[in-house]
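In what follows, a structure is listed as C-alpha cells, so that the remarks can point back to it.
Remember, it's 1-based here, ligands and their atoms both numbered in the order they're listed.
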Amino acid sequence: MNHFEQLGLAPALLQAIEKMGFEKPTPIQEASIPVLLDTGRDVLGLAQTGTGKTAAFGLPLLQLLQTENKHTQALVVCPTRELCNQISRDLSAFSSFMPGIEIAAVYGGSSMDKQIQSLRRGAQIIVATPGRLMDLMSRRAVKLEQVSMVVLDEADEMLNMGFEEDVEHILSFTPAGKRVCLFSATMPPEIRRIAKKYMTDPLEVAVGKENAGNENIEHEYAVVNSRDKYAALKRVLDYTGDHFYGIIFCTTKMETQDISDKLIKDGYNADCLHGDLSQQQREKVMNRFRHKAVRIMLATDVAARGIDVSGLTHVIHYHLPDAIENYTHRSGRTARAGRTGISFTLLNVREAYRLKEIEKKANIRFKRIQIPAAREVLDRKLLTFTQTIASQDVDESMFSQEHFDNMEVLMAMDKGEIIKKILSLELKRFAADYLNAPDLNAGDKAAASVEQADGSSTRIFVSVGKKDGFETMNFKDWVAEVSGVKKKFLHVYVKGVYSFVDASAADVPALLETLNKQEVDGRVVRAEVTARAADQGERKFKGKSRGNFGQDREREGGWKKQPWSGGKKSSGSGNFSGKRDFAQTGFKKKKY
Ligand code: ADP
Ligand code: MG
C-alpha cells in the first residue's frame, strides 16, 4: 500500500512508480497530482529543485492521455536539451507499463531528421526546447491542434534565457481550450506576470517557502585571494577525497574548460560541460558523470541547468553566479531527494556583497570555513588511507606461499619501514603540492570586510565593453580617470558590449554624470543605475536573440556571437524585467 494510490493514479502508473522505488509522493506531487487529475484547472507549481516536479506533472499528464489517439496531446516545453532528455526519460519510465505511448524529445544541436521521423510515428507527448520546436513547427513536422495540455517546466529559467517570445509563439499554435501548467523553482515577479498572461485562473501550488533554501544544504564559503582560487579548489578536493561527487560552477565556457583542463593535468578525475560541446560530447560527459566514471564536473549555469544527478555531495561555486536565482538552482543540484549536501563558495573579497545579497534574498545563512592547511590535508589523507587498508577485505585464495617467498625484500623490513614506504607511495602525488604549501585563506582583514559587506553598493550599467577594446584593468583605469573616483572603490565587470561598475552610493552621482558625457569611438556612452538585484542587468541581455534556436545560451559571450538583425524591433512582449527601454537601447547602439 503506498500513498500514491490515494492520489487517484491508475494501476499502470502505480506499478511504474513502485518499480522506480518511489515510496511516497513528495509534497509537490501530493498537491498537484489530484488537482491535475480531478479538475480541469491550470496549475502553477512552485517548489525547490529536486522535489519531484517532473512526476508532479508527468504522472497526471500520462494518465490523461488518450492512448489510442496518436495525435500530439501533451507538450512539455523546457529550457535545455539536457532537461529535455531527462524529462522524456522520466516520462518513458513512468509509462513503462502503458503500451502504445510515444514520446518525442525535440531539442537543438542534434539531428533534425531523426526528430522528424520520431514525430511522424505519432508522438502523443512532445518534450521540447523552444527553438527547435519552432523550427519543426515551421517545417510542419509538428501538429499541435489536438494539444490539450502544455507544461512549461523550469519556467523561471526559460525567462532567464529569453525564451518568452518563443513560448508565446508556440502557445499561439495550440488550441484555446488547452490547460497550461507552469512549474518553477523560483518565483520572480516575471513568473507571476506570465502566469497571468498565459494561464486561466491557475491554482497555485507552492511548496515550501518561496526561494527557500533546501534545508538539507549547508552553505559554506571561504575567503581567498583571486590568485589562490585554483589552489584552494584543489585543496578542498584533496581534503574531501574520493567521496567527492559534485559540480563546480564557473562563469564562462572558457573558465569551465580551463579549470577542467588544469584539474585533469593535475591528476583529478574531472570533465566539463558547456555549450560549445557538440550534443554527442555533452551526452557522453553526462553519462560518464551520471555513472560516476567522472566525479568532478565543471559546468556553466546553463549547461548544468535541470540536470538531475542524484547523490551529489558538493556544489562548488568557483564564482558566485550573477543571478541570485542561479545560486538556488546551482545549490539545488545537491541534497536531492532528502539527502544532504554542501554548497561551497570560493569567495574573493570583491564578491562579498553578493554573498550578503544572496543571504538576504534566498533566505539562507552562509557559514565561513577555512581552507584546510596543507598539514591537515595530509593528515586526513593518511588517516583515510590507513582506514582503507585496515578495512580492506583479503581474498586468501589470491595468494600462495610462493608469493611470499618472492617478497623477501619486503619480508626483511620492519613494520614501520613498510608502512612509511606504502604511505609515501600513496602520497607521492600530493607531496609536491603540500610540502611548504602556503595558507590559502585570505587575511583576516579581507574576511572581516566580507562579513561587514551589506550589499549596499550600487551597480551601474555602462554601454561599452570588450567590443570597444576594454578589459578589466583599462576599463577601471578609464572609469577612475573620468569620474575622479578612486580605483580601489570601484569593482568593474567588463562584458561583451556593456560593462558594470559597482560603487558605493556616495560615488554614484559623480560616476553617472561623468560617464554619460563620454564618447567611445564616436558613440555616446550611456551609464545608468541598474536595479540592485545584480542579476537583472544581466538577464536583460540574454533574451531576444534569434538564430540559434535550441542552442543553450551561455551566460557570457554566447549571445554576442549570435547573428543579430541589427535594430530589429522586438515585438511587444519580450522583456521580463519591465526595463525594456534599457535593454533595447543597449542593443540598438550596437548594430551588427
Ligand atoms: P525537480 O524537477 O523538482 O527539480 P525532479 O523531478 O527532477 O525534481 O526529481 C528529483 C529526483 O527525485 C529525481 O531523481 C526523481 O527520480 C526523484 N523523485 C521524484 N519523486 C520522488 C518520490 N516520490 N520518491 C522518491 N524519489 C523521487
Ligand atoms: Mg525539474
Side-chain angles (χ1 to χ4, degrees), residues 1-7 9 13-34 36 43-62 76-96 105 127-129 151-158 160-161 181-187 191 205-208 210-214 216-217 245 247 286 289-292 301-302 304-312 315 325-326 328-341:
M1 190 50 189
N2 82 39
H3 296 301
F4 276 108
E5 279 174 36
Q6 286 146 8
L7 302 179
L9 290 167
L13 288 169
L14 293 173
Q15 208 177 337
I17 291 167
E18 194 180 335
K19 191 173 135 200
M20 294 177 76
F22 293 6
E23 284 170 8
K24 56 181 183 26
T26 65
I28 186 82
Q29 291 163 0
E30 211 161 16
S32 338
I33 293 173
L36 285 169
V43 168
L44 175 62
L46 176 67
Q48 297 154 22
T49 42
T51 53
K53 292 191 283 297
T54 316
F57 66 77
L59 294 168
L61 180 151
L62 284 162
V76 180
V77 187
C78 62
T80 66
R81 356 178 195 193
E82 274 74 22
L83 200 50
C84 198
N85 270 319
Q86 186 128 19
I87 295 169
S88 57
R89 255 202 314 268
D90 285 352
L91 292 177
S92 304
F94 299 151
S95 62
S96 56
V127 185
T129 53
V151 178
L152 307 177
D153 192 24
E154 309 249 8
D156 50 351
E157 187 62 9
M158 287 207 279
N160 279 345
M161 292 171 70
C181 297
L182 184 155
F183 286 83
S184 183
T186 57
M187 191 57 142
I191 291 282
V205 180
V207 171
E210 263 183 34
N211 292 357
N214 175 334
N216 291 326
I217 303 175
Y245 182 36
I247 305 179
M286 262 321 293
F289 188 56
R290 216 184 284 284
H291 296 116
K292 303 194 182 176
D301 285 293
V302 171
R305 186 67 169 101
I307 288 174
D308 173 35
V309 176
S310 52
L312 295 188
V315 163
E325 282 95 355
N326 276 341
T328 314
H329 286 308
R330 286 177 175 190
S331 43
R333 304 295 107 211
T334 184
R336 289 171 89 76
R339 276 182 271 231
T340 58

Number the atoms of ligand 1 from 1 as they appear, then name those within less than 4.0 Å of a heavy atom of [X], with their elements.
X: T51; value: 1 (P), 3 (O), 8 (O)
X: K24; value: 22 (C), 23 (N), 24 (N)
X: T54; value: 2 (O), 5 (P), 6 (O), 7 (O)

Under-4.0 Å heavy-atom contact with ligand 1, by part of [X] that carries it:
X: Q48; value: backbone
X: F94; value: neither
X: M20; value: neither

[X] side chain vs [Y] backbone, donor-acceptor pair below 3.5 Å:
X: T334; Y: L312; answer: yes
X: K53; Y: Q48; answer: yes
X: T26; Y: T51; answer: yes
X: E325; Y: T186; answer: no

Heavy atoms only: give me the nearest L62-L91 pair and the separation to one decimal. CD1-O, 3.7 Å

Backbone or side chain, does any N or O of F4 fall under 3.5 Å from an N or O of ligand 1? no

